Amino acid sequence: MYIDSHAHIEGTEFDTDREAVIQRALDAGVEIIVCVGNGEIAADSHAAAFRLADEHQFIYTTVGVHPHEARLLDDEMYAKLPDLSQHPKVIAWGEIGLDYHYDNSPRDAQRETFTTQLRMARERRLPVVIHTREAEEDTLAILGEGWESGLGGVIHCFTGTRAFAEAAIELGFLISFSGVVTFKTAQDLRDTAKNLALDKILIETDSPLLATVPHSGKRNQPAYVIETARCLAELLGTEPEEIGLVTSENFKHLFKLSPTS
């Protein structure tokens, strides 16, 4: 069995066939999907993710505001987040962090929002899901000052350096690989994956983006997480089923879910 630890199947990209997408994931052996509400304030993505989690026992969700949206966060939204985090299917705070590639929000606003949400997650005793792009130094600095390693978390859709991965693991984080690891241009990322312990790894799709080889160019979906497992298995000299088993155990340990969840 496999776990897609990060997907956005609540979005409009799946409006025409969402239930079929979910069924294809189950048929492929995916036992849990984490539907991450991006905190897209205009789209109210939290509400859409919560509805899916309420409707499906095997779908969990998160609460938090993406760094792209940092410029839009105000006192009203901050006040809503603690209540949203009380939803029984919320297992983490995220995705939160820094994105210096797109810079959709000013960097000072991103850093302030990241720091504030880390504090809110600490208060709720929730692990965090981290989005970081071209911001490794600042991400590590903020996590080093503002996070408790005992709470743990995930560096999602990891595309960074080996040094960053190892530093994040030292802070108590798991490293989650998406379909990017299957891309022809991602040899450096594969080299990093080969050097990480399997008990520090998760797998994800980040659907609907970043479809794995051989599905490049298509809309991504949770069923394709098996391709990421297959790629990692080749790198680590094991079988895809072993990647599925161990990453599922890692996930359930981090998020305190029972082995039969």
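For reference, positions follow the sequence shown, starting with 1. Since we're looking at a predicted model, the values are computed, not measured.
- Here the straight-line distance linking atom CZ of F158 with atom CG of L196 works out to 7.0 Å at 0.5 Å rounding.
- Side-chain atoms of Q117 do not come within 3.5 Å of backbone N or O of W93 as any donor-acceptor pair.
- The closest donor-acceptor contact from the side chain of D206 to the backbone of A7 lies at 3.5 Å or more, if one exists at all.
- Note: H68 and Y102 have perpendicular aromatic rings, judged against thresholds of 30 and 60 degrees for the angle between ring planes.
- Heavy atoms from other residues, nucleotides or ligands lying under 6.0 Å from CD of E239 number 12 at most.
- To the nearest 0.5 Å, atoms OH (Y78) and OG1 (T116) are separated by 4.0 Å.
- No more than 12 heavy atoms of other residues, nucleotides or ligands shown are found within 6.0 angstrom of CD on E137.
- Around atom CD of E76, no more than 12 heavy atoms belonging to other residues, nucleotides or ligands sit under 6.0 Å away.
- Between the side chain of R71 and the backbone N or O of N104 there is at least one donor-acceptor pair closer than 3.5 Å.
- Below 30°, between 30° and 60°, or above 60°: for H215 and Y224 the angle between ring planes is below 30°, a parallel geometry.
- A search for salt bridge (Lys or Arg N to Asp or Glu O under 4.0 Å) contacts involving D54 returns nothing, not counting sequence neighbours.
- Expressed to the nearest 0.5 Å, how far CG of D4 lies from CD1 of I33 amounts to 6.0 Å.
- Here the CZ-OG distance, from R111 to S105, works out to 12.0 Å after rounding to the nearest 0.5 Å.
- A salt bridge between D74 and K80 is absent, with no side-chain N of the basic residue lying under 4.0 Å from a carboxylate O of the acidic one.
- The local environment of CD in E166 is crowded, with over 12 non-hydrogen atoms from other residues, nucleotides or ligands closer than 6.0 Å.
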